[in-house]
Amino acid sequence: MKLYGLVDCNNFFVSCERVFNPTLNGLPVVVLSNNDGCVIARSNEAKALGIPMGCPAFQIKDYCNPSQVIRLSARHRIYCDLSNRVMKILSAEVEHVEQYSVDEAFFTMPYDDVQRNHDVMARLVQKIYKYVGIPVSIGFAPTKTLAKIASHIAKKHPRITDGVYWLVRPEAIDIILRRTVIDDVWGIGRRIAAALADRGIVTAAQFAQMPPTLVRRLFSVSTERTQRELKGEDCMSISPVTVAHSSIMNSRTFAHVITSRHEVQDAIVVFAKMCAQRLRKENAVADTVTVYIRGDRHRQDLPFYSNSCQIKLPTPSSSTMTIVHHALLAFANIYRDDFGYRKAGVLLTGITPAHSIQLNLFDKIDQSRQQQLMQTIDSINNHYGSHIVTLAPDDQRAQWRPEKSHFQKPSKTLRIYTAMLPDKT
DNA sequence: TCTGGGGTCCTAGGACCC
DNA sequence: TCTGGGGTCCTAGGACCC
């Protein structure tokens, strides 16, 4: 029998901050999203105070004395780098690793000699902590959905489990499912949980016993798959090869409501540029650009407007000039002067590998020139810093840029560390 | 006063074709 | 003169994830 393993970094963003600032250990710490808007990571101590995930920062006071809680602005570049280090160690130790998110990865393992494997995995947990400083939990089970539950148990009881929990025997699975509330099952969100609760289904075990056809009819094939996985039927395989993205998005909530057309337009240009840059990094092209703008949905005193516009490119492209040009056309289609804007974004879809596109002769000449220009700009920016060469004004202090007031003063360790990051050298 | 960003997958419904 | 249905493709929107 094959088992799925899931490695999950505990309270990942907070753990990353603690790597550089050990004085945060043992304290209630939260990491905040863009504009210091929402809580996106919590230390165990912050969880114990009752602060929920996704809680708006200004509501922290509803749960505890806010002065007890250390608030930090997110530093995603650093989290991404530490994530890579964790994944590298994992990949060296196990086979068929599939990174699922910045802080999680699935892998497979043959089901034999559990005691020996347990020791190997417990040593892996220690190794990751020793070399990267990030505490992780590992769960094993016959399906990915059950492995998720197993890793939660490992995380909850690190002392008893050494950070590794095996959810394999049918009797054990049975007991655990009876103790697992339906909301905690991977793939069951708020809406489905509420619909299930209306029918008196509140535990994973009760959900597993529902007729599959009913689950399918009420929800979707995905939910039925989740149910089958809970019953031990493997419905989601591992895809170790990194699958190309099917969309690339860049969007921001602005620090304030913006009423200037130029300001919003500048933001669109920056988002389009960043999208194009990522596209080239992934050696891909896109055939559709979507732009969306929207007002502030929380302000009752302002008229609300939200719209999007999708434009198909004449030929798939990754050129900043082409993508920015079409993003601006889309923007002009939907922008209205009589509203204020709080959020905007650019989305690229129809993504294919760059080598797969068919061009006519004139496109070929034009594209190859643009490609050379883009390659030159990318290589200069990679070498000297990301804003050395830009194709349009890129005001780093523009009004729309998010505010972050909880940045910690970089410690000496952090300064040395950031200096070591590849694109700063 | 202050409420994130970046993804994936599925479904329903419309357009179009034969 | 009257009358269909099945297949495919695309898109918008909803649900989920971290």
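Please read these numbers as outputs of a predicted model, since none were measured by experiment. A note on names: the letters A, B, ... follow the listed sequences, proteins ahead of strands, and every chain is numbered from 1.
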Counting heavy atoms from C-beta on, name the nucleotide in dC18(C), dG4(B), dT3(B) closest to the side chain of K148(A).
-> dC18(C)

Does a nitrogen or oxygen in the side chain of R299(A) sit under 4.0 Å from OP1 or OP2 of dT1(B)?
-> no

List in chain and number order the residues that pass ring-ring contact (aromatic ring centres under 6.0 Å, His included) with F219(A), two or more places apart in sequence or in another chain; answer none if no residue qualifies.
-> none

Please lay out, stage by stage, how R77(A) and D81(A) fare under the test salt bridge (Lys or Arg N to Asp or Glu O under 4.0 Å).
-> CA-CA 6 Å; R77(A) 200 151 142 256; D81(A) 186 73; over 6 Å; no

Can you name the nearest heavy-atom pair linking G187(A) to I192(A), along with the distance?
-> O-CD1, 4.4 Å

Distance test, side-chain N/O of Q310(A) to OP1/OP2 of dA12(C), below 4.0 Å | yes

So does T223(A) get a side-chain nitrogen or oxygen closer than 4.0 Å to the phosphate oxygens (OP1/OP2) of dA15(C)?
-> no

Hey, does the side chain of S246(A) come within less than 4.0 Å of dT8(B)'s phosphate (OP1/OP2), counting only N and O?
-> yes

Salt bridge between R225(A) and E233(A), side-chain N to carboxylate O under 4.0 Å?
-> no

What is the distance, rounded to the nearest whole Å, between atom CG of D184(A) and atom C1' of dC16(C)?
-> 15 Å

In Watson-Crick or G-U wobble terms, both distances under 3.5 Å, what is the partner of dG6(C)?
-> dC17(B)

Phosphate contact (dA15(C) OP1 or OP2) by S220(A) side-chain N/O below 4.0 Å = no

Round to the nearest Å and state the distance from D103(A) atom CG to dG5(B) atom P.
-> 19 Å

Take atom NE2 of H76(A) and atom P of dC18(C), then tell me their distance rounded to the nearest Å.
-> 16 Å

Using a heavy-atom cut-off of under 4.0 Å over every strand shown, decide if Y100(A) touches base, sugar-phosphate, or nothing.
-> sugar-phosphate

Expressed in angstrom and rounded to an integer, what is the separation of L196(A) atom CG from dA15(C) atom P?
-> 14 Å

Short side-chain N/O contact from R252(A) to OP1 or OP2 of dG6(B), under 4.0 Å | yes

The answer to which of T253(A) and S222(A) contacts DNA chain B further toward the 5' end, by nearest nucleotide, is T253(A)

dT8(B) P sits how many Å from E104(A) CD, rounded?
-> 16 Å

Pairwise 5' ranking along DNA chain B for F219(A) and N34(A), keeping only the more 5' one = N34(A)

Would you indicate, yes or no, if dG4(B) has its OP1 or OP2 atom less than 4.0 angstrom from a side-chain nitrogen or oxygen of R297(A)?
-> yes

Roughly, in whole Å, what's the span from CZ in F254(A) to P in dG5(B)?
-> 9 Å

Flag this pair as yes if the NZ/CZ of R336(A) is under 6.0 angstrom from the six-membered ring centre of Y305(A) and inside a 45 degree cone about the axis; otherwise no.
-> yes

So, is K61(A) near the phosphate of dT1(B), with a side-chain N or O under 4.0 Å from OP1 or OP2?
-> no

Out of dC17(C), dC10(B), dT3(B), which has the shortest distance to the side chain of R225(A)?
-> dC10(B)

Determine the interplanar angle of the F13(A) and H76(A) rings, folded into 0 to 90°, and report it as parallel if under 30°, tilted if 30 to 60°, perpendicular if over 60°.
-> perpendicular

Given dG5(B), is OP1 or OP2 found less than 4.0 Å from the side-chain N or O atoms of K343(A)?
-> yes

Take the protein atom CD1 of I60(A) and the nucleotide atom C1' of dT1(B), then report the distance between them rounded to whole Å.
-> 15 Å

Mind checking V31(A) for me? I need base, sugar-phosphate or nothing, with any heavy atom below 4.0 Å counting as a touch.
-> nothing

Spacing between R216(A) atom CZ and dC9(B) atom P, to the nearest angstrom = 17 Å

Assign N35(A) to base, sugar-phosphate, or nothing according to its heavy-atom contacts below 4.0 angstrom with the strands shown.
-> nothing

Locate the shortest heavy-atom distance separating I173(A) from V168(A); write the atom from each residue and the value.
-> CD1-O, 3.6 Å

Touch class at under 4.0 angstrom, heavy-atom based, for L32(A) against every strand present = nothing

Does S251(A) place a side-chain N or O at less than 4.0 Å from the phosphate oxygens OP1/OP2 of dG6(B)?
-> yes

C1'-based separation of dG4(C) from dC16(B) [nearest Å] = 15 Å

Looking at every strand, decide which applies to N250(A) at a 4.0 Å heavy-atom threshold: base, sugar-phosphate, or nothing.
-> sugar-phosphate

